[in-house]
Every structure is written in structure tokens, then in C-alpha cells.
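All figures in this text were calculated on a predicted structure; none of them were measured in a lab. Heads up: numbering here begins at 1 and tracks the sequence.
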Amino acid sequence: MTPSLRSTVLMIGLGVGMGTVATLSACSQPTRSGPPGLHAGGAPAGEAPAGETRLAMDPNDSRSFSELIAGLTGKRVVFVGESHDRYDHHLNQLAIIRGLREGGVDLALGMEFFQEPFQSHLDRYLAGEIDEKAMLKRTEYYDRWKYDYRLYRDILTYAREHRIPLVALNAPAEFVAQVSKAGLDGLPPQDRARLPADMSTAAAGYEARLRPIFEMHGKVSDERFRRFVDVQTLWDEHMARVARDYLQANPGKTMVILAGAGHVVYPDAMPGRLGRMVRGEQAVVATGSAERYAGGEIDFLLAERDVDLPPPGRMGLMLAGEENGVTVSGVSPASPAANAGFRPGDRVLSIAGERIRGMDDVKLALLDRAPGEEVWVEVGRGGTAARAKRHGRALTLL
């Protein structure tokens, strides 16, 4: 394909009015193939006019949404990028997953937000052998990813209900820490063997795109930047390698990959690396403005919308995870927690009947709790952990 040809870009307003997008000029890779562009209502767009093109499509319009799904159907890999903390991005991902499955596509979901060593726990969750909280505990979700699980919950629930395989793509945090410290060249042979033998190094454009992100934290040494690039390369290559392994073992599957947009909208990130390993057409979907993804290659661009999760219930306590559990480090003044008599130094023993051993247990105990709800919190006060006096308090969540 010659560089003068444009990537196909589609803007869909998911539950909003009008969206504005400028087409992105880019040369697609051989493994990429997108459908014709679409104007409002699903009419073929052809070559976009100069400047910005106003497009609006409502997924509740069955014809329009069918056009989108048709454009993704038949692809071996569908990358759906996200900003991790944007709920609307995850709603868009779920809509695509549902549309493909209902259209008869045999799916698997590859997920950046779970790390590869914990795959067996996802398998057990999918099979109904463990529940949601056990899955989150055993995958160490709250320690390793940290974003509000409720952002992804509907996707995981839908996958479980319909037995869509879940594939943990991300590199283990310990592996990332090794590369951050020693670089890819400093990995011992047994760890280097976990990456593709033909792993491509970072191109000049890849580094140039990462440098402004790195320098947001201030100017530091070229060596530190080199390590930063190595870590990004590790993430892209590792996720591509895990996806490759799954796709090769399951030739009839289409994989929908959910990952940060920076990993999926640029051809020198995951799409190109996976395309090097697995033959088949790819499509890339992202949510947000075209300007945000300048230099990317995107087949479908979805409009953002203002939609948030309900606020979580909060205790009004500042907590610190320690070797022997969780300790209160501060209490919000004039809060229900202060009025209930909680003090700095209290060791949190249980919340709503659930034993607390670490900060992840706190988050699990509060997962479905809303502001205004009352929970029973038990703490230990004074002396050693074994000798502390136990105090229980009813606490109204903020």
C-alpha cells in the first residue's frame, strides 16, 4: 500500500450526539485490512473530504452497529485500546465483544490487566471453580494492576457467562523490574528465553514517541531512558508472544486484545510485533480524538462520552499495608470513622465479616459497598498483634 492512501477511520457516538474526527494519514501493514469508511447511518463514506469530517453513529441503530461489527468480523486479531481509568472506553470494549460474539465469532479475550503467571486462576474462574473475589485475590489484581476492578467487571462477567476464554497477556511485575534495573541485554539467559527469539528492537520512531512521555518526569540520563524503552519493548513483545502462543494453539479463534491505547494504535507496538509472529488480518479500534493518536493507524475511532462508575463506599480511614496486616495511619476529621472512635495505630482485623490480611482484602471487602451503607469494622488496639484488644465499630461509609 502506498503512503498516500489513508487509514480507514470511523467515529461512533456511543450514547452521545455528534463526534468530530479528522482522518489519519498512514500506510497500513500487510496484516491490516479495514472496511470502507462509514458516514452517519452507515452509508459508505469513500474518500473523506479535506479537513474534519463530522460523523455520528448510534450503536442502538442496528444497521450502523452491524456495519461496525461487519468491519471487524473475519479479522484474526482485533485490538481495542483503552485509557485504563475511563469507564466509557471499557463500555465500548464490551459492546464490541458482545457484537462479535452475537454475530457468531469464536472469541478469546487477551487482557493487559492480568499477568501471565496467573492464567490458571482465570481458567478456574471461567470454569466456575472459583468466584470473582477468589479470582481477584489469586491473580493479585489489586497489587499488580491497581485500577478499580469495577471498570472491567462487566467484561469479565460477560466472558464468564458465555465461556469466552480469558488470556492473561502481561509480563509479570518481577520480570519488568529486572528489565528496568538491568535492561534487556542484562537479562540472564533463562529470562531472555521467555521473549521471542526474533524480538525486534525499538525503532527510532518508537523511541521518539516515548521520549516526551519519559521527560514528563524531568530530564534524566540517557541510560535511564534506555531502560524505559526496554520496559516498553518488553511489554509489547511479551503480550504479543503470549497472544501468538494462544492463537497458534487455537487456530479457529479470533482474539480481541484489550490493552492501553499506546500498545495498540501504533504499528511498531503490539500490532506489528504480533503480525510478525502470526499471519492474519488485524483491526485496531480506539476511543478518543484523532489528535490524541497522531501517527497511529486506527481502523475505527469511537467517541468518548461522560459516563462514570457509581462512587465507591469509603471508610474515611487512611490505611497502610504492613508486614503483619493493615494499620490505620490517619482518620478523616469529623468523619463517621472519627465519630466511631477509630484511631491511628489501630490494626484492621475484619471488615463486614471478611478477614483483613492486606490492602487487597480491604478492597475486596468494600467491592460492592456504597456510600451511606453501614459496615462492621473490627480493629485491634494496643500491645502486639497477638495481644491487642479487639474493638468492633459500626461504620457508615462515605
Side-chain angles (χ1 to χ4, degrees), residues 84-88 90-91 94 113-114 121 124-125 128-161 306-398:
H84 302 313
D85 59 354
R86 294 273 318 198
Y87 187 41
D88 57 327
H90 303 299
L91 292 176
L94 177 59
F113 41 98
F114 289 107
H121 305 303
R124 295 190 65 201
Y125 167 73
E129 296 174 8
I130 59 175
D131 64 13
E132 181 181 62
K133 286 190 175 182
M135 178 272 291
L136 292 171
K137 180 75 173 176
R138 295 177 190 184
T139 59
E140 301 179 16
Y141 175 88
Y142 287 111
D143 292 329
R144 292 173 180 267
W145 191 244
K146 301 183 188 301
Y147 290 95
D148 190 336
Y149 169 69
R150 297 178 303 152
L151 293 163
Y152 301 93
R153 191 180 207 174
D154 291 345
I155 295 172
L156 273 290
T157 300
Y158 185 83
R160 190 184 195 191
E161 288 174 351
D306 292 328
V307 55
D308 295 310
L309 288 166
R314 302 186 184 278
M315 295 195 296
L317 298 172
M318 287 160 276
L319 302 176
E322 299 180 351
E323 187 175 347
N324 63 344
V326 174
T327 300
V328 175
S329 59
V331 181
S332 297
S335 68
N339 295 335
F342 291 97
R343 304 176 189 170
D346 286 346
R347 283 184 287 277
V348 182
L349 304 177
S350 70
I351 299 173
E354 298 191 33
R355 184 177 176 184
I356 304 301
R357 301 178 182 86
M359 290 297 295
D360 59 337
D361 292 321
V362 175
K363 293 176 181 178
L364 288 169
L366 296 175
L367 179 59
D368 292 309
R369 306 290 178 175
E373 188 172 346
E374 190 175 84
V375 296
W376 188 261
V377 180
E378 187 178 33
V379 299
R381 180 177 298 166
T384 64
R387 291 174 169 268
K389 294 182 179 180
R390 302 172 79 95
H391 296 266
R393 299 283 189 274
L395 177 59
T396 302
L397 299 178
L398 300 173

CZ (Phe113) and NE2 (His84) are apart, to the nearest 0.5 Å, by 10.0 Å
Please lay out, stage by stage, how Asp308 and Tyr87 fare under the test side chain to side chain contact (heavy atoms under 4.5 Å, CB included). CA-CA 6 Å; Asp308 295 310; Tyr87 187 41; 5.5 Å; no
Sequence neighbours excluded, the answer for side chain to side chain contact (heavy atoms under 4.5 Å, CB included) partners of Ala394 is Glu374, Trp376
Interatomic distance, CZ@Arg347 vs CZ@Arg390, rounded to 0.5 Å, equals 11.0 Å
- Query: What orientation do Tyr149 and Tyr141 show, parallel under 30°, tilted 30 to 60°, or perpendicular over 60°?
  - Reply: perpendicular
Here the gap from Leu156 atom CG to Leu136 atom CG, rounded to the nearest 0.5 Å, amounts to 7.5 Å
Return all side-chain donor-acceptor pairs below 3.5 angstrom for residues 357-366, not counting sequence neighbours, or 'none' if the list is empty.
| residue | atom | partner | partner atom | Å |
| --- | --- | --- | --- | --- |
| Asp360 | OD1 | Lys137 | NZ | 3.4 |
| Asp360 | OD2 | Lys137 | NZ | 3.1 |
| Asp361 | OD1 | Lys137 | NZ | 2.8 |
| Asp361 | OD2 | Lys137 | NZ | 3.3 |
| Asp361 | OD2 | Arg357 | N | 2.8 |
| Asp361 | OD2 | Gly358 | N | 3.2 |

One should read off an interatomic distance between Met315 CE and Thr396 OG1, to the nearest 0.5 angstrom, of 13.0 Å
Of all heavy-atom pairs linking Ser335 and Gly316, the shortest is OG-O, 4.1 Å
Salt-bridge contact Arg153-Asp368 (side-chain N to carboxylate O under 4.0 Å): yes
Side chain to side chain contact (heavy atoms under 4.5 Å, CB included) filter on Asp148, not counting sequence neighbours, yields Arg150, Leu151, Leu309
* To do: Evaluate the ring planes of His90 and Tyr152, with Trp represented by its six-membered ring, and classify them as parallel (under 30°), tilted (30 to 60°) or perpendicular (over 60°).
  => tilted
Okay, side chain of Arg393, backbone of Gly341: is any donor-acceptor separation there less than 3.5 Å?
no
Minimal heavy-atom distance between Phe342 and Val331, with the atoms involved, is O-CG2, 3.5 Å
In this structure, CE of Met135 is separated from NE2 of His121 (nearest 0.5 Å) by 11.0 Å
For Ser350 and Ile356, the nearest pair of non-hydrogen atoms, with its separation, is CA-CG1, 3.8 Å
Lys133 and Glu354 have their tightest heavy-atom pair at NZ-OE2, 2.8 Å
dist Glu322:CD -> Thr327:OG1 (nearest 0.5 Å) comes out at 3.5 Å
On a heavy-atom basis, the closest approach of Val379 and Val348 is CG1-CA, 4.2 Å
Heavy atoms of Ala337 and Leu317 approach each other most closely as CB-CD2, 3.6 Å
